[in-house]
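All heavy atoms count here, side chains included; hydrogens, waters and symmetry mates do not.
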Amino acid sequence: MRLTSSGRPPLSHRLAALAGSLLLAAVLLVAQAPAASAADTVTDLGVAADRGGDMVAQSGKIFVAADDRIVVTKSDGALIDTISGLSGAVALSVADNGRKVYAALRDSHEVIEIDIATLAITKRIDLTAYPCPSTLAQSYERLWVGYGCGQAGEGGVVALELWRPTPTLVPVGPGTTQPPLVAVAGSTLVAGEPGADPASIRVYDVSSTPATPRGEIRADTSLRDLALADYGSAALSALADTHRFDAWDTTTNAKTRAYDSGELSEHGLPTAVAASPDGAYVVGGWNSSAGDAAELVVYDPATAEVIYSADHQGKALVAGSIAFYGVFTYAVLKEPGTGRMHLWRLPRSPYHASTLTMTAPSEATALKQLTFSGRLTLSTGALPGVQTLELYRWLPDGTSRPFQEVTTEADGTYRFTDTAPKWGSYEYRLYWPGNSWFNGSGATAIVKVGPYQPVLTVTGPTTGIVGERLEFNGTFAADGITFPPTIVTVVRNVSNPDGTTSKALAKMTAAADGSFSFADTPTTAGKHTYVIQLVGNSTLEPAKTTHVVVVSQPPA
């Protein structure tokens, strides 16, 4: 498989947003690949073939080229159907969000178009003029074909414009002996002839037709596989006898990074290399020198840190067969001698688990501060370092509160506070989004919040004279709390020899700090009892108090 083009921004831009967490994790993780959180799987495809093994995935289907047929499976390897009667199916391609799969048929010198939904062959493109098509790379509606039957100077690369009813065939670059490996991403195409020693990887700008040469990458030994990463700014090579995978700058043609550290890297052969479409991973595949063991190693593209590795005994990895679909990485294995094919699937990415805990208050009161705590832990036992958690909160009526970020300590512990504005049931959801190494995790807490219980106090004179103004101050404030608008009512009861009278004296909104004031000018002598009542609401319980003033007639 060769990486198709993508409309995503360069990897360097995407990595910048994750640099803090990823780089810290890279320092803290052990040098060797950590233990896997889930097992890889190997599924027998029920077919044997000397040639083929290339693979693509689209629309819930996996397509594997197998010489005289193409095997179509579900994402778990379960057989869907077989497209049979083919002549040398050795390479496949599909565009991002494409509805057609293209297959190179080496023996019949053609490229066929397959409808993904029906699996019917909908078009045949004659390549007799460019015989033995063997490798493919696709970018939207353009396809590049590496061809050649093994005669010196009679192979090469040809471009096909697929949107035309009869595609125009446009040669790219010089002649070769073997069909070049090809890869395309963004506006960059790379092509390199396998087996040629030393390797020469030609770089082209394909933003227009015909392609424009941009330079040549020279390596010390022969090429086994070729891919593009970082939106075409980096070429990835698997070279014989190097025991590593190399990254090359496609502008300067200089080598920028090496990926190794696999279990087989010192004695095995680098066989396949690819970059995930989202730019999160570089995956390299190794075969033992005896061809009876294979290994897949997942690397961080920026640091070359080993994120995950898996090995399989008794089978060999097919060169160039690494493919991606959703959160899964695939490759094709063959049994030595028989050629029987198997679909190898790594665990979903990221490859390790995390756990987030949250301890919530056992009791809570509206308007009083709540304290939450917990910890983020990683399945490998490594400290997570300082990480940013996402906090989502919902009020009792289902509406959400403002989004908040919570920062952990280096050991993963965290603490945050909140203040519930009213009584009811509150939901708190805390989430760590994860990174290239670890799956994200979350924690949820439901907190039952009761109404605030105010203590209502009123101060003022206890004696007064008829006709003189009396002033009173009240409050229900405590703990420096800011209160929502709250209604306070005042009723005056006057008792004297003439009987008892009652009058609603005031209705007011208390200040945000819980304070209020009112005044009265008595007109008769007697016992004046002021009944002050705090009207309850969704935040506060009601409260009530009284204040007594003995009012006398003025002296004669």
Side-chain angles (χ1 to χ4, degrees), residues 1-8 54 56 58-59 63 65 70 83 86-106 108-149 154-176 179-193 201-214 226-228 231-232 235 250 277 320:
M1 177 194 177
R2 298 292 174 264
L3 184 68
T4 57
S5 67
S6 168
R8 301 174 182 85
D54 197 18
V56 294
Q58 187 71 285
S59 302
F63 295 77
I70 296 172
I83 305 171
L86 306 179
S87 184
V90 293
L92 301 170
S93 73
V94 66
D96 288 350
N97 301 318
R99 298 180 180 179
K100 308 289 184 180
V101 168
Y102 292 88
L105 304 186
R106 179 179 173 87
S108 59
H109 313 301
E110 60 184 334
V111 167
I112 60 172
E113 178 187 85
I114 302 167
D115 185 276
I116 290 178
T118 66
L119 303 183
I121 298 174
T122 53
K123 183 185 292 184
R124 292 180 179 269
I125 303 171
D126 183 14
L127 289 181
T128 304
Y130 303 94
C132 302
S134 302
T135 60
L136 298 176
Q138 187 173 349
S139 174
Y140 301 104
E141 290 298 306
R142 288 194 294 172
L143 184 70
W144 287 267
V145 183
Y147 66 93
C149 302
E154 295 183 2
V157 178
V158 63
L160 284 69
E161 296 174 335
L162 299 173
W163 67 85
R164 300 180 185 275
T166 302
T168 302
L169 307 181
V170 181
V172 178
T176 62
L181 301 174
V182 286
V184 64
S187 60
T188 301
L189 173 75
V190 289
E193 182 178 357
I201 301 171
R202 298 182 182 274
V203 183
Y204 299 91
D205 184 337
V206 291
S207 58
S208 60
T209 301
T212 303
R214 281 187 4 205
L226 180 63
L228 281 171
Y231 203 63
T250 55

Check for a donor-acceptor pair, side chain of [X] on one end and backbone N or O of [Y] on the other, with a separation under 3.5 Å.
X      : Y      : answer
Thr176 : Gly156 : yes
Thr188 : Gly186 : no
Thr250 : Gly232 : yes
Asp115 : Ala120 : no
Arg142 : Ala137 : no

Could you give me the CA-CA distance, side-chain angles and deciding distance for Val172 and Val182, then say whether side chain to side chain contact (heavy atoms under 4.5 Å, CB included) is met? CA-CA 11 Å; Val172 178; Val182 286; over 6 Å; no

Holding to salt bridge (charged side-chain N to carboxylate O under 4.0 Å, His left out), I want the full list of residues that pass it with Asp126, two or more places apart in sequence or in another chain. none

For Ser93 and Gln138: C-alpha separation, side-chain torsions, deciding distance, then whether side-chain hydrogen bond (donor to acceptor under 3.5 Å, both in side chains) applies. CA-CA 6 Å; Ser93 73; Gln138 187 173 349; 2.9 Å; yes

Does the side chain of [X] reach to within under 4.5 Å of the side chain of [Y], using non-hydrogen atoms?
X      : Y      : result
Leu162 : Ile125 : yes
Pro174 : Arg202 : yes
Phe63  : Leu119 : yes
Trp144 : Val184 : yes

What heavy-atom pair brings [X] and [Y] nearest, and what distance separates the two atoms?
X      : Y      : value
Ala183 : Ala227 : CB-CA, 3.9 Å
Ala103 : Ile70  : CB-CD1, 3.7 Å
Tyr140 : Ala95  : O-CB, 3.7 Å
Thr122 : Lys100 : OG1-NZ, 3.9 Å
Asp54  : Gly320 : OD1-O, 3.6 Å
Ser134 : Ala91  : O-CB, 3.2 Å

How many angstroms lie between atom [atom1] of [X] and atom [atom2] of [Y], to the nearest 0.5 angstrom?
X      : Y      : atom1 : atom2 : value
Thr212 : Tyr204 : OG1   : OH    : 10.5 Å
Glu113 : Leu143 : CD    : CG    : 10.5 Å
Tyr102 : Leu160 : OH    : CG    : 9.5 Å
Leu169 : Thr128 : CG    : OG1   : 10.0 Å
Arg214 : Ser187 : CZ    : OG    : 6.0 Å
Leu105 : Leu86  : CG    : CG    : 5.5 Å

Pick out which of Glu154, Arg106, His109 makes a side chain to side chain contact (heavy atoms under 4.5 Å, CB included) with Pro131. His109

